[in-house]
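These notes concern the structure reproduced below.
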Amino acid sequence: MDQQKLDRAIGRRLKTLRMQAGMTLNELAARSGVSRAMIGRVERAQSSATASLLNKLCAALDVSLSGVVALADKPPERLVRLADQPQWRDPESGYRRRHASPTDAASGIEIIVVDLPAGARVPYSPWGRTAFTQQLLMLQGAISVHIDAKTLRLREGDCLDFDVMRAVTFENESRQDARYVIVIRRGTAQGKA
């Protein structure tokens, strides 16, 4: 799916979720800290949303970023071919995210493959509304994960289990792109993805 089509699909999905939650643009703006004008531009696909902006909207709508990017409009399936796995690229950092697992999997587990370009930094605000945990498994390269004031440096093969009720920033301070897998399990702790 090209970026314009994906932006339109994300916009439609966010608008649908907002309406299902019974929220106006003003209510979502107040709850998320994102301006009403920016939410409108994203819903109309007049602007590509950044990871940070989507994170704020998803937290306010009580949905995962994966659920919005995956755009699951069809019934759950056990097999998702690589070609059918939704991919999204953050226009600000170049961060790429591929939703590898079937959406709405019966296991409650989501698997996300992330490519973090050299020099990229992606911050996420704390999220405490819907409980779930996640683990990060480094496949290639190295990154720093900043959780509040603590910094953890991860290399190939390292695995980090963490909650995200605190501010989390993923940073690739190296000259090489990094790749990692995020595994999310819903309903097991207080956190976000």
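When reading the values below, keep in mind they use all heavy atoms of this one structure, side chains included, and skip hydrogens, waters and symmetry mates.
- Evaluation of the side-chain contact (heavy atoms from CB on, under 4.5 Å) rule for R81 yields L79, D84 as partners, not counting sequence neighbours.
- For S48, the side-chain hydrogen bond (donor to acceptor under 3.5 Å, both in side chains) test picks out D7, with sequence neighbours left out.
- Contact check for V114 versus V122: no side-chain heavy atoms found under the 4.5 Å cut-off.
- Residues forming a side-chain hydrogen bond (donor to acceptor under 3.5 Å, both in side chains) with Q85 (at least two apart in sequence, or on another chain): R98.
- Nearest heavy atom pair, residue A142 against residue A178, reads O-CB, 4.0 Å.
- A heavy-atom distance below 4.5 Å is found between the side chains of R18 and L25.
- By the 4.5 Å heavy-atom criterion applied to side chains, L53 and E92 are not counted as neighbours.
- Counting heavy atoms from C-beta outward, I109 and S101 have side chains that stay 4.5 Å or more apart.
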I'd like to know whether E171 forms a side chain to side chain contact (heavy atoms under 4.5 Å, CB included) with H146, so could you lay out the CA-CA distance, the side-chain angles of the two residues, the decisive distance to 0.1 Å, and finally the verdict. CA-CA 8 Å; E171 184 172 16; H146 309 281; 2.7 Å; yes
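- The two atoms that bring A29 and R36 nearest to each other are CB-N, 3.7 Å, heavy atoms only.
- A 4.5 Å side-chain heavy-atom check between L57 and L28 finds at least one atom pair inside the cut-off.
- Residues forming a side-chain contact (heavy atoms from CB on, under 4.5 Å) with A120 (at least two apart in sequence, or on another chain): S93, L116, P117.
- Annotation for E156 and L139: closest pair CG-O, 3.2 Å, computed over non-hydrogen atoms.
- Nearest heavy-atom pair across T24 and E27 is N-OE1, 2.8 Å.
- R44 CZ: more than 12 foreign heavy atoms inside a 6.0 Å radius.
- The CG atom of L14 sits 6.0 Å away from the SG atom of C58 when rounded to the nearest 0.5 Å.
- I147 CD1 to L160 CG: the interatomic distance, rounded to the nearest 0.5 Å, is 5.5 Å.
- Taking CE of M138 as the reference point, atom CG of D158 lies at 8.0 Å (rounded to 0.5 Å).
- Residues forming a salt bridge (Lys or Arg N to Asp or Glu O under 4.0 Å) with R153 (at least two apart in sequence, or on another chain): E173.
- Ring pair F170/Y124 is perpendicular by interplanar angle, where above 60° counts as perpendicular and below 30° as parallel.
- Not counting sequence neighbours, the partners of A167 by the side-chain contact (heavy atoms from CB on, under 4.5 Å) test are P126, D148.
- Residues D90 and L54 have side chains not in contact (no heavy-atom distance under 4.5 Å, counting atoms from C-beta outward).
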What verdict does the side chain to side chain contact (heavy atoms under 4.5 Å, CB included) test give for L61 and M23, after you've listed the backbone C-alpha separation in whole Å, the side-chain angles of each residue and the deciding distance to 0.1 Å? CA-CA 9 Å; L61 290 166; M23 278 191 248; 3.7 Å; yes
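- The nearest pair of heavy atoms linking V80 to A100 is CB-O, 4.1 Å.
- At least one side-chain heavy atom of W88 sits under 4.5 Å from a side-chain heavy atom of I10.
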Could you please spell out the steps behind the side chain to side chain contact (heavy atoms under 4.5 Å, CB included) verdict for V145 and V168? CA-CA 7 Å; V145 179; V168 177; 4.0 Å; yes
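- A search for side-chain contact (heavy atoms from CB on, under 4.5 Å) contacts involving Q135 returns C159, D161, not counting sequence neighbours.
- With rounding to the nearest 0.5 angstrom, the CG atom of L136 is 10.5 Å from the CD1 atom of I184.
- Applying the salt bridge (charged side-chain N to carboxylate O under 4.0 Å, His left out) test to every pair with at least one member in residues 46-61, sequence neighbours left out, gives no pairs at all.
- For R41, there are no salt bridge (Lys or Arg N to Asp or Glu O under 4.0 Å) partners at least two apart in sequence or on another chain.
- Annotation: salt bridge (Lys or Arg N to Asp or Glu O under 4.0 Å) contacts of R179 (sequence neighbours excluded): D115.
- Taken from CG in N172 to CG in L154, the straight-line distance is 11.5 Å, to the nearest 0.5 Å.
- Considering only residues two or more places apart in sequence or on other chains, R8 meets the side-chain hydrogen bond (donor to acceptor under 3.5 Å, both in side chains) condition with none of them.
- Residues that satisfy the side-chain hydrogen bond (donor to acceptor under 3.5 Å, both in side chains) test with S32, not counting sequence neighbours, are absent from this structure.
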Given the rule in the side chain to side chain contact (heavy atoms under 4.5 Å, CB included) test, do E110 and H99 qualify, once you have shown the distances and angles that lead to the verdict? CA-CA 8 Å; E110 293 180 55; H99 195 270; 3.2 Å; yes
